[in-house]
Asker: 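The following block contains the structure, expressed as structure tokens.
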Amino acid sequence: MDPVQITKAQPDCAATLKRTMRWSKLFTPTLRDAPNDAVAPSHRLLIRGGFIRQLHAGHYSMLPLGWKVHQKVAQIVREEIEAIGGQEFLLPTMHPAEIWQKSGRWDTMGEIMFRLDDRRGNANALGITHEEIFTTVAAELSSYKQLPQIWYHIQTKFRDEARPKSGLLRVREFHMKDSYSFDVDEAGLDASFDLHDAAYRRIFARLEIPSFGVQASSGAMGGNDSVEFMTPSDAGEDDVIRCPQCDYSANIEKGTSAITPVVDEAGPETPERFDTPGVRTIKALEEFPGGAAADRQLKTLVMMMDGLLTLVLVRGDHQLNTQKLADVTGAIEIRPAEVKETFAAMGAHPGSLGAVAVTDHPIIVDEALRGRTNMTTGANTDDVHYRGVSVERDINASQWADLREVQAGEACVNCGAPLEIVRCIEIGHIFKLGTKYAEVFGARVSTPEGGETPIVMGSYGIGIGRNMAAVVEAHHDDKGIIWPVSVAPFEAVITLMRLDKETIAAGEKLYAELKAAGVDVLLDDRDARAGVKFADAELIGIPYRLTLGPRGLAEGNAEFTVRSSSETTNVDLASAAATVWEAVSAAR
RNA sequence: CGGGGUGUGGCUCAGUCCGGUAGAGCGCUGCGUUCGGGUCGCAGAGGUCCCCGGUUCGAAUCCGGGCACCCCGACCA
């Protein structure tokens, strides 16, 4: 028997060709038409290009090309988190109810969390995020000397979204990178937070997603100093307030604006009742003789806050933002009261409601109503209103808060410029958790002074699939996707116009050269018409194409085409691989 | 969860109002043709018409119930 030979691997042309990625063997079911129910560009193109297929609402299969892109996106995220000291973990996706009960989120998460019982009848949850799990592990940290730590994982998260939509943009099962920072104090947390902020900006730059950070509500996740990264897109689901002049930007759930003060007359000593037959809306009351302009009316909203009927007051021409209401009250379940609940509590129907002299329900009043006098509002009798209402004198406010939703054109609180409201996709979220989880799970470290302190934590998330979709939203045209080289399913494609011996040989030679140079390349050897091959290459968005046909080959040329610009040039066969390599490496 | 819409071959859709044994285009298979931008011709395969029940001689079509998916809103990192 021959002795085992251990030899250093040598480039082997024959082996390379055996491993050649041939389009004829590639499973990429491209479609000429997108399914009619796909609306968002990324959704349509990822389906048409054969990247993804839906299994059911909010659950997608990643086909080979889709998974390849997904992994490239994840790898960029991984590299940038490693670069700030992140250490990668693999954690359970199914968690015992107990751990969520311990943090209190078993109840507060509500229906967004998938829950299931095991054979013993024990309750479990599918992880929607991993604060609880990481903090449990972090309980083994014992000394300030071990800090700071940044821990992360890239894994499946489950969220039982009420309405999955827009392909990969909002799904129920998805991969997310979440990292958690562990510091001994607030200053350390600030530093870890800033590291993530910078890492996230590098990630979006490498993905070529235009992005900016906005002040945000941290919602059910808990915490403060919350920054969301946004990319403008009609396919998004967040409205963002942006100042075109200074750097102010905030999620509409959080942001505010300066509004022109309304000058009120003092009004009467006490509110005056007056009949308003048939008046049911702000607009109708504006037009009613003896009524008032919308900005001189009080809008009284009846909300059920965790089952407690509550009055919420905003100016007549303002909108309530329910997330702001949730944030200031801590309520979990908020819904408008039903008409019959409202009538039972108030004695009147919507359209004639008001808070004057109401004492048996909590009343939360928007800050914009501070100091307002001589206002008009419903009198809790159908077809009757009050005028001459002074908010602070006549209404028993239990809480004042910023509840108003900013409208486009209102003035920036920093510089006074008119604000814009931009539809955006949320592509990342970083926020400071503080010591909440550390205290619950006993993650404490000894301090230099010899005492003990709970670890101060931060939490940082990026949805991989959503970012993949966001790249497509930012980079496509009417022919298909235009992937940035950094995440393209292939960096280059060699398109054979004919399948004769000479063309195939030239294609395989180029393939081997590019492969040897480290270029991720695909050989289109399908027996199809030129139009089909070009259209498919453009649809799936390969950044660079080398076209080999009899026309150019006769003169020793290939054609080099750039997907993003459609620019085509002739290159000498001998230098074709180098041309591609240079373009790819410059763009990586 | 509220409102709207849709379920017919792999994809896009017609047929449903007015019940009569299921169609087109694209795609797919074979043969021929063509060969640098989704050729052309011939032949062919492929459908529990979302499911269950009812009415009827007969249901894709009418009636009842259910399910799924999409869009808008609510909600949601």
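In what follows, every chain begins at residue 1, and chains take the letters A, B, ... in the order their sequences are listed.
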Asker: Looking only at atom P, what distance separates rC18(B) and rG64(B), rounded to whole Å?
Answerer: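 These two P atoms come out 15 Å apart once rounded.
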
Asker: Side-chain donor-acceptor pair under 3.5 Å between T231(A) and E473(A), yes or no?
Answerer: no

Asker: Any strand is fair game: report the nucleotide pairing with rG73(B) by Watson-Crick or G-U wobble, both distances under 3.5 Å, or none.
Answerer: rC1(B)

Asker: Do Y180(A) and H130(A) have ring centroids that are under 6.0 Å from one another?
Answerer: no

Asker: L55(A) has an atom CG; how far is it from atom P of rA68(B), in whole Å?
Answerer: 13 Å

Asker: Taking atom P in both rU12(B) and rG7(B), what distance in whole Å separates the two?
Answerer: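 Those two atoms are separated by 11 Å.
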
Asker: Out of rC71(B), rA77(B), rG36(B), which nucleotide sits closest to the side chain of V39(A)?
Answerer: rC71(B)

Asker: Please classify the nucleic acid contact of T568(A) as base, sugar-phosphate, or nothing, using heavy-atom distances under 4.0 Å.
Answerer: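 Since no nucleic acid heavy atom lies under 4.0 Å of T568(A), the category is nothing.
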
Asker: Which nucleotide, in any strand shown, forms a Watson-Crick or G-U wobble pair with rU39(B), with both distances under 3.5 Å?
Answerer: none

Asker: Expressed in angstrom and rounded to an integer, what is the separation of L433(A) atom CG from rA77(B) atom C1'?
Answerer: 12 Å

Asker: Could you check M176(A), H95(A), M109(A), R105(A) and say which one makes a side-chain contact (heavy atoms from CB on, under 4.5 Å) with I128(A)?
Answerer: M109(A)

Asker: Could you check which of rG36(B), rC76(B), rG38(B) has an atom nearest any side-chain atom of R48(A)?
Answerer: rG38(B)

Asker: Looking at every strand, decide which applies to G461(A) at a 4.0 Å heavy-atom threshold: base, sugar-phosphate, or nothing.
Answerer: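 G461(A): no heavy atom of the nucleic acid under 4.0 Å.
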
Asker: Confirm from the modelled atom types if R170(A) and rC76(B) form a donor-acceptor pair under 3.5 Å, side chain to base only.
Answerer: yes

Asker: Checking contacts here: which listed nucleotide (rC70(B), rG36(B), rG25(B)) is nearest the side-chain heavy atoms of R551(A)?
Answerer: rG36(B)

Asker: Donor-acceptor pair under 3.5 Å: do we get one between R466(A)'s side chain and the base of rA77(B)?
Answerer: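 Such a pair exists between side chain and base.
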
Asker: Nearest to the side chain of E237(A), which nucleotide is it out of rA77(B), rC76(B), rG36(B)?
Answerer: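 The listed nucleotide nearest to E237(A)'s side chain is rC76(B).
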
Asker: Measure from CE on M113(A) to P on rA77(B) and round the result to the nearest Å.
Answerer: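 Answer to the nearest Å: 13 Å.
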
Asker: Could you tell me how far apart M497(A) (CE) and rC35(B) (P) are, to the nearest whole angstrom?
Answerer: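 Value for this atom pair: 12 Å.
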
Asker: Is there a side-chain contact between Q54(A) and the phosphate of rC70(B), meaning an N or O under 4.0 Å from OP1 or OP2?
Answerer: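 It does, given that an N or O in the side chain of Q54(A) lies less than 4.0 Å from OP1 or OP2 of rC70(B).
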
Asker: Suppose you measure atom C1' in rC49(B) against the same atom in rG9(B); what distance do you get, rounded to whole Å?
Answerer: 10 Å

Asker: Hey, does the side-chain of E538(A) have a donor or acceptor N/O within less than 3.5 Å of a partner on the base of rG37(B)?
Answerer: yes

Asker: Is the gap between the ring centers of F134(A) and F89(A) under 6.0 Å?
Answerer: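 Here the rings of F89(A) and F134(A) have centres that are less than 6.0 Å from each other.
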
Asker: Between E338(A) and K340(A), does any side-chain N to carboxylate O distance fall below 4.0 Å?
Answerer: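 So E338(A) pairs with K340(A) through a salt bridge.
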
Asker: Can you tell me the Watson-Crick or wobble partner of rC67(B), both distances under 3.5 angstrom?
Answerer: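 WC or wobble partner is rG7(B).
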
Asker: In whole angstrom, give the distance that lies between atom CZ of R498(A) and atom C1' of rG36(B).
Answerer: 9 Å

Asker: Using the P atom on both, measure rC63(B) against rG19(B) and round to a whole Å.
Answerer: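 Their P atoms lie roughly 11 Å apart.
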
Asker: Using the P atom in both, what is the distance from rG54(B) to rA60(B), to the nearest Å?
Answerer: 15 Å

Asker: Return the value, rounded to whole Å, for the distance between atom CG of N570(A) and atom C1' of rG36(B).
Answerer: 12 Å

Asker: Take nucleotides 39-47 of chain B nucleotide by nucleotide from the 5' end and write B, S or -, depending on whether a protein heavy atom sits under 4.0 Å from the base, only from the sugar-phosphate, or from neither.
Answerer: B--------

Asker: Scan side-chain atoms only and decide if H196(A) and S179(A) contain a donor-acceptor pair under the 3.5 Å cut-off.
Answerer: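 There is such a pair between these side chains.
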
Asker: When rounded to the nearest Å, what value does the distance between C1' atoms of rU39(B) and rU33(B) take?
Answerer: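 After rounding to an integer number of Å, I get 9 Å for this pair.
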
Asker: Have a look at F229(A) and tell me which of I430(A), V214(A), I462(A) forms a side-chain contact (heavy atoms from CB on, under 4.5 Å) with it.
Answerer: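 Checked I430(A), V214(A), I462(A) against F229(A); only one passes side-chain contact (heavy atoms from CB on, under 4.5 Å): I430(A).
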
Asker: Return the nearest nucleotide to the side chain of R545(A); candidates are rC35(B), rC70(B), rG37(B).
Answerer: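 Selected nucleotide (nearest to the side chain): rG37(B).
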
Asker: Got a salt bridge between E132(A) and K102(A), using NZ or NE/NH1/NH2 to carboxylate O under 4.0 Å?
Answerer: no

Asker: S166(A) or L539(A): which one's nearest nucleotide on RNA chain B is closer to the 5' end?
Answerer: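 Its nucleotide being nearer the 5' end, the pick is L539(A).
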
Asker: Considering only atom P, compute the distance from rA77(B) to rC67(B) and round it to an integer number of Å.
Answerer: 27 Å

Asker: Using a cut-off of 4.0 Å on non-hydrogen atoms, how would the nucleic acid contact of R163(A) be classed: base, sugar-phosphate, or nothing?
Answerer: base

Asker: On a whole-Å scale, what distance lies between the C1' atoms belonging to rG3(B) and rU21(B)?
Answerer: 39 Å

Asker: Below 4.0 angstrom from OP1 or OP2 of rC76(B), is there any side-chain N or O of R172(A)?
Answerer: no

Asker: Taking side chain as C-beta onward, heavy atoms only, is E131(A) less than 4.5 Å from S103(A)?
Answerer: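 No, side chains not in contact.
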
Asker: Expressed as a whole number of angstroms, how long is the span from K533(A):NZ to rG37(B):P?
Answerer: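 Result: 13 Å.
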
Asker: In terms of side-chain geometry, is the basic nitrogen of E426(A) or R170(A) positioned less than 4.0 Å from the acidic oxygen of its partner?
Answerer: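 No, this pair does not count.
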
Asker: Have a look at D178(A) and say if it touches a base, only the backbone sugar-phosphate, or nothing, with a 4.0 Å heavy-atom cut-off.
Answerer: nothing

Asker: Taking the nucleotide of RNA chain B with the nearest heavy atom to each, does G167(A) or T561(A) sit closer to the 5' end?
Answerer: T561(A)

Asker: Is it true that D500(A) and T503(A) share a donor-acceptor pair across their side chains at a distance under 3.5 Å?
Answerer: yes

Asker: Using a cut-off of 4.0 Å on non-hydrogen atoms, how would the nucleic acid contact of A528(A) be classed: base, sugar-phosphate, or nothing?
Answerer: nothing

Asker: Select base, sugar-phosphate, or nothing to describe what R44(A) touches, counting heavy atoms under 4.0 Å on all strands.
Answerer: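 Nothing, no heavy atom under 4.0 Å.
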
Asker: Across the strands shown, which category fits K165(A) at heavy-atom distances under 4.0 angstrom: base, sugar-phosphate, nothing?
Answerer: sugar-phosphate

Asker: What is the separation between atom CD1 on I334(A) and atom P on rC76(B), rounded to the nearest whole Å?
Answerer: 8 Å

Asker: Tell me what A535(A) touches on the nucleic acid: a base, only sugar-phosphate, or nothing, going by heavy atoms under 4.0 Å.
Answerer: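 It contacts base atoms.
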
